[in-house]
Amino acid sequence: MDLVVRVAGAAGQGVQSLGEILARAVFRCGYFVHGEFSYHSRIRGGENAVTVRIRDRPVFATSEQADVLVALNQEMLELYRPWLQEKGYLVADERLISSGEKALTLPAEEWARKELKQPLAAGVVLLGAAARLLGISLESVKNAVAEVFGEKAEPNLQAAEMGYARSDTKPFMGGLPCFGRGETMFLTGGQAVGAGAIAAGCRFLASYPMTPGTPVLEFLAQNAQAYGIVVEQAEDEIAAINMALGASYAGARSMVTTSGGGFALMVEGLSLAGMIETPVVIHIGQRPGPATGLPTRTSQENLLFALHAGHGEFPRYLAAPATAEDAFYLTMKAFELAEKYHVPGILLTDQFLVDSFVVVPALDPGKVAVQNHWLSPEELEKMERYERFALTESGVSPRALPGLSKHLVLVDSDEHDFYGRITEDLGIRKVMVEKRLRKEQGLAKELEAPWTYPQGSLRGRTVLLGWGSTFGAIREAVEILNEKEDGYAHVHLRELSPLPTEALERVWNQAKEVIAIEGNATGQLGKLISADTGLRPHRLIARYDGRPFTSSGIVQEVSR
Amino acid sequence: MDLVVRVAGAAGQGVQSLGEILARAVFRCGYFVHGEFSYHSRIRGGENAVTVRIRDRPVFATSEQADVLVALNQEMLELYRPWLQEKGYLVADERLISSGEKALTLPAEEWARKELKQPLAAGVVLLGAAARLLGISLESVKNAVAEVFGEKAEPNLQAAEMGYARSDTKPFMGGLPCFGRGETMFLTGGQAVGAGAIAAGCRFLASYPMTPGTPVLEFLAQNAQAYGIVVEQAEDEIAAINMALGASYAGARSMVTTSGGGFALMVEGLSLAGMIETPVVIHIGQRPGPATGLPTRTSQENLLFALHAGHGEFPRYLAAPATAEDAFYLTMKAFELAEKYHVPGILLTDQFLVDSFVVVPALDPGKVAVQNHWLSPEELEKMERYERFALTESGVSPRALPGLSKHLVLVDSDEHDFYGRITEDLGIRKVMVEKRLRKEQGLAKELEAPWTYPQGSLRGRTVLLGWGSTFGAIREAVEILNEKEDGYAHVHLRELSPLPTEALERVWNQAKEVIAIEGNATGQLGKLISADTGLRPHRLIARYDGRPFTSSGIVQEVSR
Amino acid sequence: MNREAYLTDGVEIAWCPGCGNFAIRQALARALGILELPPERVVLVTGIGQAAKIAHYVNVNGFNGLHGRTVAAAAGIKMVRPDLVVIAESGDGDLYGEGGNHLIHNIRRNVDITVIAHDNRVYGLTKGQASPTAAVGYKTRAQPFGVISRPLHPLALAIALDAAFVAQSFSGEVERTAELIAEGVRHRGFSLINVLHPCPSWNRVQTFAWYKERVYSVEKEGHDPRDQAAALKLALAEGDRIPTGILYRREGPSFEDLHPVVSRTSVALSPLPQPADLRPLLARFQ
Amino acid sequence: MNREAYLTDGVEIAWCPGCGNFAIRQALARALGILELPPERVVLVTGIGQAAKIAHYVNVNGFNGLHGRTVAAAAGIKMVRPDLVVIAESGDGDLYGEGGNHLIHNIRRNVDITVIAHDNRVYGLTKGQASPTAAVGYKTRAQPFGVISRPLHPLALAIALDAAFVAQSFSGEVERTAELIAEGVRHRGFSLINVLHPCPSWNRVQTFAWYKERVYSVEKEGHDPRDQAAALKLALAEGDRIPTGILYRREGPSFEDLHPVVSRTSVALSPLPQPADLRPLLARFQ
Ligand SMILES: Cc1ncc(C[n+]2csc(CCOP(=O)(O)OP(=O)(O)O)c2C)c(N)n1
Ligand SMILES: Cc1ncc(C[n+]2csc(CCOP(=O)(O)OP(=O)(O)O)c2C)c(N)n1
Ligand code: SF4
Ligand code: SF4
Ligand SMILES: [Mg+2]
Ligand SMILES: [Mg+2]
């Protein structure tokens, strides 16, 4: 089963809420769902659309084609009609559609205006009708309306009922039976990052609003009181990362969230984190650049930038979650590794992952061990002398927090000696460079294997190689391709620094061909792999128009 | 001939001036010279040394060993004595040296204090004595004192004479005959970058002081009035690059100068330059990082950072000059290419190149054609409509300046249409990405071949591959190695973006082995080449303690 | 020229219905008309935000740069092209938050540019977070328990830094806003005009009516804008009255007047050097 | 504790002989002694510059961060560890140039930190370029025809922004500087102490003698530091007299007092969450 419903309208018409209601209602029925938002960078007007896919198994990709299009105005109707399946249904106000179409029409605007005294509720009326068409129970829809609108549920509850009751249609697919759902959760990638941060004990977040980094800021702000987190909107991104490093030095697990442009301003601070070996987690929600670019669209253009950002050389952990579920666990892992190795942990997501709703297996924070990586006051008390940058085999020096013992804690952005004092001794310099870089070896051992599908050898197969949020689209594409001819495989990277070079060498050794699939124009993953291994993908499928990949798009390109 | 003189003292003892006097005196005699400064990041005290190499042919590298050591205090005497050649001479105040040493001693401090009433002149007394030892004419020394000290030449002229006359020694090397010097010039790399900028018509520089970027700021400031340049010290580096981009939009050839840490703050502006296709030249004087690192030392740690800096994808020109002469011409070229292709031009130098004095063939600005790359008012007047981002095959759109015709000029950091208007049309987006990236093809055609020595095929040879200011040390090393066994070659990259991939493929095809020599710990050039070609150096010789490479150091490593 | 000549047509405006930005756009066009400036002589420099989109809605040269860097880019343009009229216009988040440092230091430089701040006390484009001028207690999704930082008083800041021209207006008064902008452009040196405007989409506290009730004209109350102490007092006054008009102005040379190079020429337009021009420079190395 | 306990020994001091920084170091140590603060309870946050090296010369915890980011890092520390005493100390270039934006906005936040500015009116470490407080006409290698921007008046700026505590002192008066620092640390909320000091290596105009002749004590002249208008007047006064002492102070809650989380706890020290603690959070996704 794979049903696609698209709701499209202007900004301000509540498209986002309608999408969420629909997705939630479906989730409540026990299905898996993926809700993808496509919107213009403005507050009112413009083009907003949400594409809701309903499946009986997990779904992490969107679709160009839709089975049902709920159009809230003429412009959207025309824009999206070409993407409606031949057998698909159009749902719209009766004033928009000329007779003779395969459409479900209602005088929704009139009812909303006259009966509900709330013109904006017209969308909910149409949604009610669409729900009936899909065979979703009215109860699920009303529950979802209540969840999404909260106090403002009335007159939207009425509107949903109105659309449902008065549209006299048969369910499109013979009805969607509700069944007991298993242990699943419904959330966006942005919420997953936020929840992962809280689960990992994040205590401080400073950030400056920037799409699509903001949802993480807002999620943490809303949970700040309950979980004892200091969330501060900084005056700029430079302040954000320096505040975060200050807070981290003082003992708080710290985070910043931004997009590529804001990260550009944090680069000096990133380098500081490398030098003072102070953990910080940096969430970068990618969007198309350069510069302001397309603020509300998606991309994978910041990989090489994030990996090489910062003057001087120091290790970093970088993860690009594949799904919202993955985002939760990798965020926890980024915090843990940042704390354990005293390195920056970078989370590279994108607008598509951050904004899309999905259904995932229930998140279990117990899966990632969260523990303190600093010396207890008791341990410190026992020490004669404490040196923050003491030389160790692993490169990781025992960490103390200031003010917990008699020992003082000194960190310095200049090259420093083991205690932390500024030094110009070029012998110590050499040792310190090596100490810092040595941490990469430990980090490399923490990596999981790249995700591979189908399991087993890749011999003779064409490998579709991806990273980050393209996971769902690539996986589906491989499934579709293998239906015709079982010669494809999917290898997906979720941890990119350190790079799992051995695993990649195996891929190249076995595979017939490697096709990189990336949301950028230059093939950044390919370059990264080649830089470290000399191995180069044989082909690149690139998308850089700001929209997410879909399985059909990939299948088409692969089959060229 | 290869004579090395080292002058060492505390900051504030005038080591820098002494070094310059010596180097100038030698230059005036018709020799080639290289003066390298090594100093601590402070204003007084600490360790300062200048190493002056005197040769009868061009010299672009420093040396660990010295033939003469002029020590201004006990600490420096002890620090540098181990590096004095067995047959070398020590020159110092008589109070510093216990009898029985192979040394030239004078009561310089006493004379300076009592006779000259200027304790600081003691160094000049010693320098006079050293000059005699070297066989440099007193006249050359006095001329150099006058040039360096200007109005403050007295009592230093007297001091030089005193040291010269009263030290009763035979010249060390049988005397340095003065001969008519050819067409040569004496300058630092920093001055060369500054002069190249002025020669290329730089009209605006905004920067924030940062070692070793500052000399370029100061050079331009001092020539601002004569050459009609606006030089402004910005409140921070972010202001600097945004001011420069504003100025460039308005028609002024614009530049910023900084080091890695300041560049980190300019990364967002770099991305803006990419998006609004507005030229700007960025000089980065590298020093060891991360963060503040070693402010007065040298490194080559910013290559991958500079190449991947900025969110989003756009082409850039990046050159790393090999010598001061090269710095002059590559700076001119960076301006020209930035103007011609509307891309950022990055100049990657380092403390070693910026601060070292050298003698080079007379600079000839006529060698690089400097011309306007914008539409004249007449051409504009003829146009019906003007579009700043008009689509072209080369990716370069004809550029107009605001206020020179009726046509308006609009640039935008958002994705934009051909006119410059903000757009969210994803079709235009795709076209614009491709247009911007297409400029890389034109840029690639502007590259010169990497410098290769000896000329001819590399077949059977071990290639020492370097980039930037390590040129002199590598070249010397190859010369030394080939004396024993003619199996080595030197390939040097001075232009690194776009990367000359074909030339590199030829190197790998022919060479027996490729050894990368880099001033960083991770082998950044190697990674860069591998990223673009899959070819990897077989070995890496890395130096990352903040000191420049020397030929003897390289020879030793290669021969391991 | 009349106001319409400065308004772009055929471009879809991305502002919300009922927003004060529309009135500011009208006021700007009107001011340019008052000044009779040919569109090609004007450069409008903006940053990023809803306000900053004005570069696309007004018919002059435009530099729509980065968020927060508006004033820096504008200063760069003016320094090399004193022949152009340079207006920097953006939101309160852009000018006072991200761009605070450039504001302070260009006031010190006293570059002859005119800064128009669209002050809606929120970050409009990023969905309503508190801006530096937001009032204490103001609640948003990012400040769920209300703002606790004290608001920035941009006028007090500028006056204390001795900016050349400091004014405030309310978007509801289009003609007066236009006159203040025109006066700011005419005034030599750095001019700041803080334009208060409602944001019906996010700011439910400072509405049109809210401002309407509170604004008053300092001229009508006999304020002498040459009096810095009096100006500061007005700017810092707490309570329910909001001053509009010219709070402070001082005469004196601008950056352009004092700069030995800028005072002489528009360097951007001077011809490129010929090799012979460089002889004196290079001779020093010989 | 006595002053010596706070002075590191065995560390070579990289300041120039005769520099005012030595006296400020003494004053800081003396202030910590007056306050009887155990060294481990204090964090000294500095940036980059000659002044900023003080983190290595005083015996407390130290965060020697980036140039210009001193106040930001200090605020971050204080927000998660209100149990610590946080002092941010750096040069005028660092705090007023590169770091201007953080200064403004942390004054607004009113975080309870004490900022000590070493104001030598030059960029010392980078060899003498003009700093934001340099006087008009001051010549350097980067400003060969003299500074033309007007100097920043840090006191006026801070007072206009209603900072909680604003003072100035002269490094030549060690005891008084110590008292002012101690008072700034005691005062709840954001404190700024601008310490004027000679830089014998670069600044040949504002010498020890120059200051000595010009400084006067505002207390002695009966200034009431609660009077914002009077404070501004003193701060802005032109001429040959330089005010020292507490120019402005106001009482009122600090960031820590008003913040619902910070007022309750030092979040950095609260135990890490257990899986069970997260149930309410995750339940919302079910
Ligand atoms: C460096 C950077 N940080 C953040 C953003 C995201 N951003 C875009 S507009 C904006 C705020 C706009 O607020 P304001 O300047 O007040 O303008 P308004 O939308 O309210 O008119 C922000 C934070 C950005 N574009 N660049
Ligand atoms: C981002 C950045 N820009 C520039 C520098 C170079 N820099 C180091 S110290 C300094 C100025 C120091 O001046 P000030 O803060 O007044 O301290 P002082 O040396 O005078 O005590 C500068 C510009 C830097 N370290 N980082
Ligand atoms: S968000 Fe507010 S300020 Fe921006 S256009 Fe909409 S109403 Fe106006
Ligand atoms: S440079 Fe100036 S301020 Fe810095 S230590 Fe030396 S004398 Fe003091
Ligand atoms: Mg705003
Ligand atoms: Mg200073």
Side-chain angles (χ1 to χ4, degrees), chain A residues 184-187 191 195 198-201 203-204 206 223-230 232 234-236 238-240 242-254 268-269 272 276 362-366 370-372 401-414 420-422, chain D residues 8 11 14 38-43 45 48 53 55-56 59-81 83-84 101-102 104-106 108-109 259-262 264-275 277-278 280-282 284-286:
Chain A
T184 56
M185 290 183 177
F186 175 83
L187 79 176
Q191 289 172 329
I198 296 176
R203 293 278 174 247
F204 184 80
N223 291 288
Q225 266 190 284
Y227 287 91
I229 307 167
V230 179
E232 183 65 13
E235 55 273 22
D236 55 36
I238 309 172
N242 283 280
M243 287 167 85
L245 287 172
S248 177
Y249 158 85
R253 295 196 168 198
S254 295
E268 195 200 12
L272 175 62
I276 60 175
L363 301 173
D364 173 9
V370 170
Q371 60 199 76
N372 272 332
L401 303 189
L404 295 196
S405 76
K406 291 280 162 208
H407 293 297
L408 301 177
V409 183
L410 176 65
V411 297
D412 185 8
S413 72
D414 294 272
R421 291 250 179 267
I422 193 170
Chain D
T8 46
V11 175
E40 69 271 17
R41 264 203 58 215
V42 181
V43 184
V45 184
I48 295 298
K53 289 180 181 164
H56 299 280
N59 223 18
V60 293
N61 294 295
F63 184 104
N64 185 172
L66 294 172
H67 181 64
R69 314 306 162 193
T70 317
V71 174
I77 295 171
K78 186 70 185 179
M79 287 179 184
V80 299
R81 290 289 298 278
D83 57 304
L84 296 173
N101 212 30
H102 312 307
I104 303 176
H105 289 282
N106 282 296
R108 287 181 48 224
R109 284 193 186 100
H259 195 286
V261 176
V262 181
R264 238 165 47 199
T265 169
S266 280
V267 296
L269 303 180
S270 56
L272 291 169
Q274 298 302 309
D277 303 332
L278 299 158
L281 181 82
L282 297 175
R284 274 187 276 156
F285 301 137
Q286 256 156 353

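A, B, ... follow the sequence lines: proteins, then strands. Residue 1 opens every chain. Note that the structure is a prediction, hence the values are computed from the model and not measured.
- Among the candidates A/Ala200, A/Ser254, A/Ala239, A/Ala206, the residue making the largest number of heavy-atom pairs closer than 4.5 Å to chain D is A/Ala239.
- Inspection of the D/His102 and A/Asn242 side chains reveals no N or O donor paired with an N or O acceptor under 3.5 Å.
- D/Arg81 places a side-chain N or O within 3.5 Å of a backbone atom of A/Ala250 that can act as its donor or acceptor partner.
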(Q) A/Leu187 vs D/Arg284, test: side chain to side chain contact (heavy atoms under 4.5 Å, CB included). Steps then yes/no. (A) CA-CA 9 Å; A/Leu187 79 176; D/Arg284 274 187 276 156; over 6 Å; no
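- Neither the backbone nor the side chain of D/Val71 comes within contact range of chain A; no heavy atoms are under 4.5 Å apart.
- Salt-bridge check for D/Arg109 with A/Glu232: passed, with a basic side-chain N closer than 4.0 Å to an acidic carboxylate O.
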Q. Is there a side chain to side chain contact (heavy atoms under 4.5 Å, CB included) between D/His259 and A/Val230 once you walk through the steps?
A. CA-CA 9 Å; D/His259 195 286; A/Val230 179; 4.1 Å; yes
Q) Does the pair A/Asp414 and D/Ile48 meet the rule for a side chain to side chain contact (heavy atoms under 4.5 Å, CB included), with working shown? A) CA-CA 9 Å; A/Asp414 294 272; D/Ile48 295 298; 3.6 Å; yes
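- Taking A/Asn223, A/Leu245, A/Leu401 one by one and counting their heavy-atom pairs under 4.5 Å with chain D, the maximum is reached by A/Asn223.
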Hey, can you pull the donor-acceptor pairs under 3.5 Å for the side chains in residues 266-275 of chain D, sequence neighbours left out?
from	atom 1	to	atom 2	distance (Å)
D/Ser266	OG	D/Asp83	OD1	2.7
D/Ser270	OG	A/Arg203	NE	3.0
D/Ser270	OG	D/Val267	O	2.8

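- Between the side chain of A/Tyr227 and the backbone N or O of D/Leu281, at least one donor-acceptor pair lies under 3.5 Å.
- Listed by chain and number, the residues in a ring pair (Phe, Tyr, Trp, His ring centres under 6.0 Å) with A/Phe186 are A/Phe27, A/Phe357 (sequence neighbours excluded).
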